[in-house]
Amino acid sequence: KERAPIDSFAVVLPGQTRAFLKVQEGCDQFCSFCVVPLSRGMSRSVAPRSVLEAVEELAARGFKEITLSGVHLGGYGRDLDPPVELAGLLEMLAERSPISRIRISSLDPEELSDRVIEVLATSDKFCPHLHLPLQSGEDATLVRMRRRYSTADYRTLLGRVLERIPTAAVGTDLMVGFPGETPADFTRYLEFVASLPLAYFHVFPYSVRAGTTAAKFAARVTAAEISRRAEALRELGEERRRQFARRFTGHRLKVLFEEKRADGMLAGYSRNYLRVLAEGGDELKNHEVEIETSRARGAQLLGRIAGPGAQCEGRPAAQTASL
């Protein structure tokens, strides 16, 4: 069977050091607020062989980092013959990928298996960075959303991830103002999110999508109240970003520099998704460089090209990890 051209499922933006490789399309979940199963159809996956060939081609083009993406990435491979689990694809990439910085885009919490966590923890090909959409921190709302986990499930999963990968950045999506979300619900929601060791949030106000089940729900939240709740979560999220950055001051981070800013500083991201600034020449762009961080500036870290004797993301220098 002739393979699909790479440009049919890889997104390469001009001037970027990171490519996005879409390995799955469509969704089988039918969450009550989402129109994707109606607009994009059921889950369809790119065969592992084609994924591996695409990664090799992206490496030949000079990319040092890729993000595996999908509309419903956790459903990857179920439609293939024979079926393949996402963990199986990751194991193949761990063994064969010529690109040593691989990120995984959003995964529904119930689909992050222990096998996937183990691959991420044991292979230095994968960045310690996960995005696990919570959507709501209140159980009754999760039921109305048709999500397949509870708040207790989410807390347990997050604990398993961070126990196995302590330096991981774990982010989430949060929706506010879902129909029926009372002030008391939101108070519990905010308290639950505040209790979680998350690195960042993406906050979305609920909006009606024609054709979805939720579009028929009563007890709508006013636009003004949705805005107020979103702002409360965003303020908490900004503080979490700053806290996560401060945690890694005085450590060594492996940074892929993406650009040189107007002020002459190189800027890029660590493997655990921290934006890092350092002085250096243009020749360091699109290279992974070990940086010793000195201080946080908001959610960013400032540092310098590392010498011996620093720590690497919480570990002694003698145990430098590829994080």
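Keep in mind that this is a model prediction, so the values were computed, not measured. Just so you know, residue 1 is the first one in the sequence shown, and it goes up from there.
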Got a donor-acceptor contact below 3.5 angstrom from the [X] side chain to the [Y] backbone?
{"X": "Arg240", "Y": "Ala194", "result": "yes"}
{"X": "Asn286", "Y": "Gly62", "result": "yes"}
{"X": "Thr187", "Y": "Pro183", "result": "yes"}

Under-4.0 Å salt bridge between [X] and [Y]:
{"X": "Glu53", "Y": "Arg49", "result": "yes"}
{"X": "Glu111", "Y": "Arg148", "result": "no"}
{"X": "Arg242", "Y": "Glu239", "result": "yes"}
{"X": "Lys260", "Y": "Asp282", "result": "yes"}
{"X": "Arg160", "Y": "Asp114", "result": "yes"}
{"X": "Glu259", "Y": "Lys285", "result": "no"}
{"X": "Arg96", "Y": "Glu56", "result": "yes"}
{"X": "Glu118", "Y": "Arg164", "result": "yes"}

Quiz item: Under 4.5 Å between side-chain heavy atoms, hopping through other hydrophobics if needed: is there a path connecting Leu73 to Tyr149?
Solution: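 Hydrophobic grouping puts Leu73 with Tyr149.
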Do [X] and [Y] have side chains that approach each other closer than 4.5 Å (heavy atoms only, starting at C-beta)?
{"X": "Val116", "Y": "Ser113", "result": "yes"}
{"X": "Thr172", "Y": "Tyr154", "result": "yes"}
{"X": "Arg101", "Y": "Leu256", "result": "yes"}

Exercise. Determine, stepwise, if the pair Glu225 / Arg228 fulfils salt bridge (Lys or Arg N to Asp or Glu O under 4.0 Å).
Key: CA-CA 5 Å; Glu225 181 61 15; Arg228 186 193 70 79; 2.7 Å; yes
Exercise. Show your working on side-chain hydrogen bond (donor to acceptor under 3.5 Å, both in side chains) between Asp139 and Thr151 and close with a plain yes or no.
Key: CA-CA 6 Å; Asp139 284 323; Thr151 54; 3.1 Å; yes
Exercise. Quick one: sort the Tyr273 and His129 rings into parallel, tilted or perpendicular, breaks at 30° and 60°.
Key: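 Because their plane-to-plane angle is under 30°, the rings of Tyr273 and His129 count as parallel.
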Practice problem: Check the pair Phe204, Leu174 against side-chain contact (heavy atoms from CB on, under 4.5 Å), reporting the backbone distance first and the verdict last. | Solution: CA-CA 6 Å; Phe204 302 94; Leu174 301 172; over 6 Å; no
Nearest 0.5 Å, please: how far is [atom2] in [Y] from [atom1] in [X]?
{"X": "Ile104", "Y": "Leu120", "atom1": "CD1", "atom2": "CG", "result": "4.5 Å"}
{"X": "Phe248", "Y": "Leu274", "atom1": "CZ", "atom2": "CG", "result": "6.5 Å"}
{"X": "Met42", "Y": "Arg78", "atom1": "CE", "atom2": "CZ", "result": "11.0 Å"}
{"X": "Glu91", "Y": "Lys125", "atom1": "CD", "atom2": "NZ", "result": "13.0 Å"}

Practice problem: Show the numbers, then the answer: is there a salt bridge (Lys or Arg N to Asp or Glu O under 4.0 Å) between Glu288 and Lys64? | Solution: CA-CA 8 Å; Glu288 187 175 60; Lys64 303 297 177 61; over 6 Å; no
Quiz prompt | Neighbour count above 12 (heavy atom, 6.0 Å) for Glu163 CD | solution =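 Counting neighbours around CD of Glu163, 12 or fewer heavy atoms of other residues, nucleotides or ligands fall under 6.0 Å, so no.
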Quiz item: Just wondering, are more than 12 heavy atoms of other shown residues or ligands nearer than 6.0 Å to CZ in Arg246?
Solution: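 Yes - once you tally the heavy atoms of other residues, nucleotides and ligands closer than 6.0 Å, there are more than 12.
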Practice problem: Kindly state whether the ring of Tyr269 and the ring of Phe257 have centres lying under 6.0 angstrom apart. | Solution: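 Judged by ring-centre distance (under 6.0 Å), Tyr269 and Phe257 do not meet the cut-off.
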Practice problem: Could you tell me if the ring centre of Tyr189 sits under 6.0 Å from that of Phe186? | Solution: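 Distance test on ring centres: under 6.0 Å, yes.
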Quiz item: Hey, which of Glu110, Arg147, Arg146 is the one that makes side chain to side chain donor-acceptor pair (under 3.5 Å) with Gln29?
Solution: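 When side chain to side chain donor-acceptor pair (under 3.5 Å) is applied between Gln29 and each of Glu110, Arg147, Arg146, only Glu110 qualifies.
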Quiz item: Going through the checks in order, is the side-chain contact (heavy atoms from CB on, under 4.5 Å) test met by Val71 and Gln24?
Solution: CA-CA 6 Å; Val71 174; Gln24 184 277 335; 4.0 Å; yes
Self-check item: Gln135, Arg229, Glu231 screened by side chain to side chain contact (heavy atoms under 4.5 Å, CB included) with Val176, the one that passes
Solution: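 Testing Val176 for a side chain to side chain contact (heavy atoms under 4.5 Å, CB included) against Gln135, Arg229, Glu231 leaves exactly one candidate, Arg229.
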Quiz item: What heavy-atom pair brings Ser45 and Asp79 nearest, and what distance separates the two atoms?
Solution: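 Minimum heavy-atom contact is OG-OD1, 2.6 Å.
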Quiz item: Would Asp185 and Thr182 count as a side-chain contact (heavy atoms from CB on, under 4.5 Å) if you check the C-alpha gap in whole Å, the side-chain angles of each, and the deciding distance to 0.1 Å?
Solution: CA-CA 5 Å; Asp185 290 339; Thr182 67; 3.1 Å; yes
Quiz prompt | Derivation of the side-chain contact (heavy atoms from CB on, under 4.5 Å) call for Arg155 and Phe192 | solution = CA-CA 9 Å; Arg155 187 189 298 279; Phe192 176 73; 3.3 Å; yes
